[in-house]
Amino acid sequence: MLNFERVKISHEDPAARVKSFTLEPVREYSTEEATAEASRCIGCNICTQACPASLDIGGYIKSTAVGDPAQTVRIVFENLPFPAIIGRVCTHLCEDICVLYDTGGPIAIRHLKRYAADQFPDYGKILDLPRKKFVGKRVAVIGGGPSGLTAAFYLTIQGVRVTLFEKLPALGGFMKTGIPRYRLPQETLDKEIGFITSQGVDVHLGTEIGKDIQFSQIMNEYDAVYMAVGNQTPHMTGTPGSDAVNVMHATEFLRKASFGEHVDVGKNVAIIGGGFTANDSSRTSLRLGAKNVVIMYRRRDVDRPGYPTMNADEELEEAEEENVKYVWEVTPFEYVKEGNRVTKLRYWQNEMVAEKGGRAKPVPIKDKVLEMDVDLVIEATGQETDYSFMGDEFAKMLRLTPHGQPIVDENNMTSIPGLFSGGDSTNSNRDLISAVRDADLAVNGILQYLNAMDQVSEEWLPILDRWKKYSPVSAKIAYAERGM
Ligand code: SF4
């Protein structure tokens, strides 16, 4: 007999979790719960159309339903090599279009993936990876984040010799520096990144391109290059007073917290911005000892980045449970300094003015100045990519979109032959699962470019665009019903 109600996932008590970087707010399904939840899935795979990496979601959920989580992990590995990470932090847009959304709730796809992956401390024991001989080609990967690691994994297991260059002293990219440890535990990162590198990736940490090694040297010495450098340059608002010592960008704040560096948050923290990075900064501030944390966003709650999705709702709900306050429709216009420190933040309330044919625009109501005390201001206002590390010759050859992203072909090859690019610097979704898709495309593209396709294990090539097998009409209807 089918049970249509989604199996509830339990959460740690907000008062306890807010004191800890190691207590994950969301608990894990037990085996009984995971089996019951997975058994609700009807295997239609409509959800696959919402997954940028085109995972066989219906297939892997069925495996858990029949008590075979190892097969779940094997199916996930067809497209991505870190199921426990993605099972915790994916934006899970797949759940927003699950056909059971209005029938007991969407299948808890993300939680089920986490459950399955966590059953296996060593994936080597359940995966039958090819042990390919060296195919005679060498590829450099620049950037050790999700996209670079995915490409390094799938190329290495095919017998390509991969050298990975990472500027920081640790691998993981944004998974390490931008996602706080309470959402993504260090041991989960270690397990999955360790498994990837143990396939034989030659990792060079603390190596900055353009300084420790020239980009031109890499282009000369390797048969192809995959560039997955993320958005490293913070975009600051330039608000008067932002040169004070207690104003920082969210990427710097989260990176310092991640590496255990001291950050003095004081009592009152204001975060400027309304996206996921603002949320992560707010909850990290609380865990570092702040008492009053306020997120300030210039538009309405329904306009915030990522809305309307289940993921955006969940993140807001969890933050509110931990006592984060949201102030919508405001424009901070001055950080008031005493000496070299900001002590107050001045802002205006906005009104939203309808724009012909576009989004409503926030317009400040300037006749009333509002004020709040602050000990730290964190600007979660986006990042950009700086390509100066490539040197003039190559930077000139790299064609960019008006938004500063490399223009790539259907295989993610840039305008420079042999140079492929992917991840946050290249796609507009800027989420982990899209970074994985870029790498999947580039792996296929690089192997073709290297004329190595006749030497590969076909069953270990990332499967692209699986969603095309399923009805796009049903997906469009499901999206429309969700207002997406
Ligand atoms: S849309 Fe929902 S019911 Fe259909 S396969 Fe995906 S998770 Fe299962």
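As the structure is a prediction and not an experimental result, all values here were calculated from the model. Atoms within a ligand are numbered from 1 in the order they appear, just like the ligands themselves. Along the sequence shown, residues carry numbers from 1.
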ask   = With atoms numbered from 1 as shown, which atoms in ligand 1 lie under 4.0 angstrom from a non-hydrogen atom of I109?
value = 7 (S)
request  = Flag this pair as yes if the NZ/CZ of R17 is under 6.0 angstrom from the six-membered ring centre of Y182 and inside a 45 degree cone about the axis; otherwise no.
outcome  = no
query = What protein heavy atom sits nearest atom 8 (Fe) of ligand 1, and how far away is it?
reply = C41 SG, 2.4 Å
ask   = Does C47 put an N, O or S atom under 2.8 Å from atom 6 (Fe) of ligand 1?
value = yes
inquiry  = Can you tell me which portion of I42 lies within the under-4.0 Å heavy-atom range of ligand 1? Options are side chain, backbone, both, or neither.
reply    = both
message = I need the nearest protein heavy-atom contact for atom 2 (Fe) of ligand 1: residue, atom name and distance, please.
response = C98 SG, 2.4 Å
key: C44 backbone or side-chain N/O/S under 2.8 Å from atom 4 (Fe) of ligand 1   = yes
request  = Enumerate the atoms of ligand 1 whose separation from the nearest heavy atom of N45 is less than 4.0 angstrom.
outcome  = 4 (Fe), 5 (S)
task = Could you grab the distance from atom OG of S421 to atom CG of L398, nearest 0.5 Å is fine?
result = 7.0 Å
query = Can you tell if the side chain of R114 reaches within under 4.5 Å of the side chain of D118, non-hydrogen atoms only?
reply = yes
inquiry  = For the aromatic rings, using the six-membered ring if either is Trp, is the centroid distance between F195 and Y123 under 6.0 Å?
reply    = yes
inquiry  = Walk me through whether Y60 and F77 qualify under ring-ring contact (aromatic ring centres under 6.0 Å, His included).
reply    = CA-CA 10 Å; Y60 71 66; F77 259 87; over 10 Å; no
inquiry  = Can you confirm if the NZ or CZ of R138 lies within 45° of the ring axis of Y222 and under 6.0 Å from the centre of its six-membered ring?
reply    = yes
